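What you are looking at is a predicted structure, and each value in this text was computed from that prediction instead of being measured.
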Amino acid sequence: MNYIRGLLGCVLVVTAIALLACDSRGRAFEDLRLARLNEGQSTEQDVRKLFGEPAAVRDITGGKGLIYPLGTEGPHTLLMKIDGKGKYQGREDLLTRGNFERVTPGLKELDVLVMLGRPGRAEKNPLKQQSSWQWRFLDGHETRLFVVTFDASGTVASTAIEDDPRRFGGR
């Protein structure tokens, strides 16, 4: 009987945490600092106090976007939307399959940086005269890698979504 009560208590605690880890729209928080921001009320200064200096700032419709990679290698890079009056208007995770589909051959490195934020890992292959950038991202419940290969002129040559080698003991 005590075992069942203990188990029930654990289930209730886990359920409460899961509910608290969502915003008012039911979206999961990628970072619990997001719970302290309110759309239309919090300011750009509030965002910067919680997250620090953004990795990049870009123009978006009606304002600007502050880009914050969460962790050194993902799995989220947030675009914090700030309107023309300096108010926080929500967030967007840049590391999604929809954004990856927009990365096509012919784009330049800067175009990719603007779309996805800085990569978690960058490698050069001088023999092939190529370089590649990798972003670790959450694909459902699994982490995967989005890899962009650039030619010698810094133009996208190819893209791929790969299994995360960390899931299999790699790095």
Side-chain angles (χ1 to χ4, degrees), residues 17-123 131-150 154-164 166-167:
I17 290 171
L19 289 174
L20 291 173
C22 294
D23 68 9
S24 60
R25 295 182 187 168
R27 295 181 302 184
F29 289 124
E30 292 89 357
D31 187 297
L32 291 178
R33 292 174 287 186
L34 292 166
R36 298 175 61 189
L37 297 173
N38 296 306
E39 291 182 26
Q41 295 175 354
S42 298
T43 64
E44 177 180 349
Q45 186 177 14
D46 296 330
V47 172
R48 288 175 182 262
K49 278 183 193 173
L50 288 170
F51 288 88
E53 284 301 308
V57 178
R58 75 179 197 202
D59 292 332
I60 61 173
T61 304
K64 62 181 164 183
L66 309 178
I67 298 176
Y68 291 98
L70 300 183
T72 55
E73 289 191 57
H76 301 284
T77 296
L78 297 182
L79 172 73
M80 308 296 269
K81 300 174 185 178
I82 308 296
D83 69 14
K85 296 179 183 176
K87 297 287 186 180
Y88 169 70
Q89 296 299 321
R91 80 209 188 262
E92 173 187 340
D93 187 356
L94 298 178
L95 303 182
T96 64
R97 282 187 177 260
N99 281 344
F100 299 154
E101 289 170 3
R102 295 176 39 218
V103 178
T104 56
L107 290 178
K108 294 291 187 186
E109 289 177 345
L110 182 59
D111 299 322
V112 177
L113 280 173
V114 167
M115 269 191 258
L116 303 178
R118 73 172 184 258
R121 182 179 218 158
E123 297 175 348
S131 61
S132 65
W133 292 355
Q134 300 176 1
W135 289 263
R136 185 166 270 107
F137 71 102
L138 199 56
D139 190 24
H141 297 293
E142 304 286 337
T143 56
R144 299 200 190 286
L145 294 178
F146 179 64
V147 181
V148 178
T149 302
F150 298 94
T155 301
V156 173
S158 65
T159 65
I161 292 178
E162 302 176 356
D163 285 330
D164 184 352
R166 289 184 182 173
R167 290 180 25 218

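Here the CG atom belonging to D93 is positioned 8.5 Å from the CG atom belonging to L138, to the nearest 0.5 angstrom. A distance of 9.0 Å separates CZ in R102 from CG in L94, rounded to the nearest 0.5 Å. We find the CZ-CD1 distance between R144 and I161 to be 8.5 Å, quoted to the nearest 0.5 Å. Once rounded to the nearest 0.5 Å, the distance linking CG of D139 with CG of L145 reads 11.0 Å. With rounding to the nearest 0.5 angstrom, the NE2 atom of H76 is 11.5 Å from the OG1 atom of T96. Between the CZ atom of F137 and the CZ atom of F100 there is a distance of 4.5 Å, given to the nearest 0.5 Å.
A55 and P69 get closest at one heavy-atom pair: CB-CD, 3.6 Å. Residue L66 comes nearest to P54 through the heavy atom pair CB-CB, 3.9 Å, listed as atom of the first residue, atom of the second, then distance. Across every non-hydrogen atom of P119 and W135, the tightest pair is CA-NE1, 3.3 Å.
Residues satisfying the side-chain hydrogen bond (donor to acceptor under 3.5 Å, both in side chains) criterion with D46, sequence neighbours excluded, are T43.
Remark: R121 engages E123 in a salt bridge, criterion side-chain N to carboxylate O under 4.0 Å. Under 4.0 Å is where a charged nitrogen must lie from a carboxylate oxygen, and between R48 and E53 at least one such pair does.
In the displayed structure, Q45 atom CD is contacted under 6.0 Å by at most 12 heavy atoms of other residues, nucleotides or ligands. Annotation for R118: atom CZ does not count as buried by contact number, only 12 or fewer foreign heavy atoms lying within 6.0 Å.
Screening residues 107-117 for side chain to side chain donor-acceptor pair (under 3.5 Å), with sequence neighbours left out, gives K108-T155. Among pairs with a residue in residues 36-61, those fulfilling ring pair (Phe, Tyr, Trp, His ring centres under 6.0 Å) read F51-Y68, at least two apart in sequence or across chains.
Considering N99, L110, V103 in turn, V103 is the only one that fulfils the side chain to side chain contact (heavy atoms under 4.5 Å, CB included) rule with M115.
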Report task. Determine, stepwise, if the pair T77 / I67 fulfils side-chain contact (heavy atoms from CB on, under 4.5 Å). Result -> CA-CA 7 Å; T77 296; I67 298 176; 3.6 Å; yes
Requested in this report: Determine, stepwise, if the pair Y88 / E39 fulfils side-chain contact (heavy atoms from CB on, under 4.5 Å).
Outcome: CA-CA 5 Å; Y88 169 70; E39 291 182 26; 3.9 Å; yes
Query - Evaluation steps, side-chain contact (heavy atoms from CB on, under 4.5 Å), between T159 and F146 - result: CA-CA 7 Å; T159 65; F146 179 64; 3.8 Å; yes
Requested in this report: Give the C-alpha distance, both sets of side-chain angles, the deciding distance and a yes or no for side-chain contact (heavy atoms from CB on, under 4.5 Å) between L37 and R91.
Outcome: CA-CA 10 Å; L37 297 173; R91 80 209 188 262; over 6 Å; no
